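Here's the structure we're looking at; comments come further down.
Order of the sequence lines sets the chain letters (A, B, ...), proteins ahead of strands, with each chain counted from 1. Excluded from the calculations below are hydrogen atoms, water molecules and symmetry mates; all remaining heavy atoms, backbone and side chain alike, are included. Quick caveat: nothing in here was measured; it's all calculated off a predicted structure.
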Number of protein chains: 2
Amino acid sequence: MTVSRALRDPDKVSAKTLTKIREVVDRLGYVPDPAASALAAGKTNVIGVIVPSVTNNVFSDVMRGIYEAAEGSKWQIQLGNSRYSPLEEESLVRTFLSQRPAGLVLSGLDQSEDTARLLERADCRIVQIMECGPAPYDMMVGFSHVEASAAATRHLLAAGYRRPGYIAARLDPRSQRRLAGFRGEAEKAGVFDAGRIVTTPRPSTVTLGCELVADLLSKAPETDAILCNNDDLALGALFECQRRGIRVPDQMGICGFNDLEMMAAANPPITSVRTFRLAMGRDAFRMLTGALAGIEPEQPVVDLGYEVVARGSTARNGQG
Amino acid sequence: MTVSRALRDPDKVSAKTLTKIREVVDRLGYVPDPAASALAAGKTNVIGVIVPSVTNNVFSDVMRGIYEAAEGSKWQIQLGNSRYSPLEEESLVRTFLSQRPAGLVLSGLDQSEDTARLLERADCRIVQIMECGPAPYDMMVGFSHVEASAAATRHLLAAGYRRPGYIAARLDPRSQRRLAGFRGEAEKAGVFDAGRIVTTPRPSTVTLGCELVADLLSKAPETDAILCNNDDLALGALFECQRRGIRVPDQMGICGFNDLEMMAAANPPITSVRTFRLAMGRDAFRMLTGALAGIEPEQPVVDLGYEVVARGSTARNGQG
DNA sequence: TTGTATGCGTTATCAA
DNA sequence: TTGATAACGCATACAA
C-alpha cells in the first residue's frame, strides 16, 4: 500500500491521499507492527545501552540523560545490565546484535576480546561512554579518570594536606585509573605511601566508607586527608570521622568523586570532582542518532572534562 | 525446517537429528532473528517495565531485582521511564503494546483512564508494583504506603515526640498516601497540626530536605520530630539540624522512608521504614513469568509489608 | 504520485 | 518424527 510511504515519508504522498490515509488510520486505530517492519527492512529503531549497574547513581544519571534525549523520538532504548562483568557484557552485546539494533551504547574501554571482535564487525553505530581513550570502536564521549583524580589530588595538596590516603571499593577499570591518577600525582609530590591505600572488591556503599576509613586509620593513623573513589565512600568517611571526633576539615580532609547532589548538602559540605553524567548520556544519544541521520560528529571522541568543586571538607584553616 | 522445532522444543526431535542440527548451528554461528519470530508467532519474549524514574534509588533497586531475576532467562526486559507523568506512561504503554509483549510491569495504581482501557484489553499478563490495592488489572506486588507511614508515626509517638511535622517533595500518589497515613495517625493521637506539614512539587533531594526543614522550623518552631517522605529528605533534615545546633534525637526526632543503605551509616543513624524493593522487582518478574508458564499465583495481590527500623535519630533520652 | 510483486526468517498447519 | 507450504505485516524495487 501507499500507507507505508505515508507514514514514514509523508512528502512522497499527495496531500489528499495523506489526509485520507490518516483519517482511516485514526478510525481503525492502526498501529504498525515493529516486528514486521524490522523483518522487512532488516533493521530496527532499537538503541541498545549496556551499563555495569542500574543502581549506581552515576549510571542512573547517564541513563536519565539518554531517556530524556530519546523522549518522543522514534528511537527505542533497550537497557542491559552487565553487573560489572565482561562476560555478561559479551552476552548482552550478542543478544542486542541479534536484534539488528541501529546503535549501541557501551560503558568504558575494557571490553573482552570476543566482545571487541563482535563490535568491530557489527553493522551498527557505536558510542562508548564514561571514559576517553585513543581507539574508539566508532565514537566516544566521556572524560579522563586519571586526570580527574590527579586534579583532586593536587587540590588536597594545595589545601596543605601532606599525608593523603585513598579508599576505594569495587576496583572496576575506571576506579583503577582513578587510583592511578592519585598515585601518580602523590608520587610526584613525594607524599605517596602505599600503606595509606585501602581497597576492597565489595561494591561501594556509605557504610563501607565508614569501614574503609576505620581500616585506614588503624593502619595509617597519620593520614590527614582521604581521597575517596566515589561519593558514597566520602559520605561514609565523613560520618566515621565525626563519630570518632576527628575534625573535618582541620584534622582530616575529605574529597569524593562525581559530585552527587548530596555532597553540597552535607555538614560540612564535601569537596568532590564533578562529572557531567546527564550531558554524557544526552550527548551519546545525540552523537549516535546524529550519525544515523548522516551527520558525522566533528570529533569521534568527545572529552566532557570534569571540575574539582572545593567545599568545606577540604577548607583547612591551619596547615599540615 | 525441523530446525525451528529443535531449538524451541528439543523433545519433539530425535536425538540424532538434534545433535546434527546443533553441530551445524554452531559451525555456522546461526542466531535466530527475533523479529521474524515475533512476526510469525505473533508474540515476543519482551517484558515491558515502566517506572516513574530511573534515578530514584527506590526504583533502581526494583529494576535491579527485575534484571537479576531475568538474568540468563529468555525474557527480554524493556524499560520505560514515565517521569512521573501519566501521559508519558500512556504513550509508553501504547508503544509497548504495539510490540506484543509477553508481559508488562507497571508502577502504582493511578494510571490514566485511557491507559486503564488499554490495559484491560491488552492480551498480555500485567503486574503492578510498589503498592497494594483492591483492583489489580491482573497481578500486584507491593505494600500499603498508608499503613507504613502510619506505623512510622506511631513509632515517633511511642518515642515521646508530641509535635510531629511532615516534609515531602514531589507529591506523587504514593507520597500522598504516606502523608495521609501520617495525618490519620497524628489526628488519632490528637497531635496533628497542618501548620507542621511542608511540601513542594519539586523532586526530592538531600538539599531540598535542608530547605524544607528550614521552612518547617520558621513556620512551626515548636516541632519536635520530622517524618520525612523519603530518605533523601531525612538525610537533609539531619544535616540541617546539625548545622543549626539542634540536637538529634533529643530536641528533634527524624524518621525517613525506604531505609536506603546510608540511613544506617549516618551519625546518628537515621530511623526509617524499610521497604523490600529488590524482592518486589524479583517477585514481580517471577509472578509474571510464572503466569506465562501457566503457573497462576496463589494470590493475585501480594503484600510485601514493611518494617520500622528504629535507630539513633529517634532514640530520645528524655521525654516530650 | 500511486499501485503491484516479491521477499524478509520464522512459526503453524497439515501431510507424509 | 520429519518435511512441505502458507501465512505473519511490512519495505523495497519496479512498473504504471
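Contact check for A:L104 versus A:L97: side-chain heavy atoms found under the 4.5 Å cut-off.
The listed nucleotides are D:dT2, C:dT2, D:dG9; the one nearest the side chain of B:T17 is D:dT2. Relative to the side chain of B:D33, the nucleotides C:dG9, C:dT11, D:dG9 differ in distance, and C:dG9 lies closest.
Other residues, nucleotides and ligands place more than 12 heavy atoms under 6.0 Å from the CD atom of A:E71.
For B:A41 and B:A15, each mapped to the nucleotide of DNA chain D holding its nearest heavy atom, the one lying further toward the 5' end belongs to B:A15. Residues B:A40 and B:S14 both approach DNA chain D. Their nearest nucleotides, taken by heavy-atom distance, put B:S14 toward the 5′ side.
Rounding to whole angstrom units, NZ of residue A:K12 and P of D:dA11 are separated by 14 Å. In this structure, A:Q99 atom CD and C:dT10 atom P are separated by 14 Å, rounded to whole Å. Between B:L39 atom CG and D:dA11 atom C1' the separation is 12 Å, expressed in whole Å. A:K16 places its NZ atom 12 Å from the P atom of C:dT1, with the value rounded to the nearest Å. If you take CG of A:N45 and P of D:dC10, they are 14 Å apart, rounded to a whole angstrom. A straight line from NZ of B:K43 to P of C:dT11 spans 10 Å, rounded to a whole angstrom. Spacing between atom CZ of A:R100 and atom P of D:dC10 amounts to 19 Å, rounded to whole angstrom units. One can place NZ of B:K74 at 17 Å from P of C:dT10, the figure rounded to the nearest angstrom.
The bend of the helix from C:dT1-D:dA16 to C:dA16-D:dT1, defined by the angle between the axes of its first five and last five pairs, stands at 30° to the nearest 10°.
Of all the heavy atoms in B:L119 and B:Y137, the pair that sits closest is CD1-CE1, 3.5 Å. Scanning all heavy atoms of the two residues, the minimum distance from B:P101 to B:C124 falls at O-CB, 3.3 Å.
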Next on the checklist: Apply salt bridge (Lys or Arg N to Asp or Glu O under 4.0 Å) to residues B:R125 and B:E296 and explain how you reach the verdict.
Outcome noted: CA-CA 11 Å; B:R125 302 305 299 255; B:E296 290 299 320; 2.8 Å; yes

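Ion pairing of B:R174 with B:D172 is present here, as a side-chain N (NZ or NE/NH1/NH2) and a carboxylate O approach within less than 4.0 Å.
Here the side chain of A:Y67 pairs a donor or acceptor atom with the backbone of B:L79 at under 3.5 angstrom.
In this structure, A:P32 reaches the sugar-phosphate backbone alone: every heavy-atom distance under 4.0 Å involves primed, P, OP1 or OP2 atoms, never a base.
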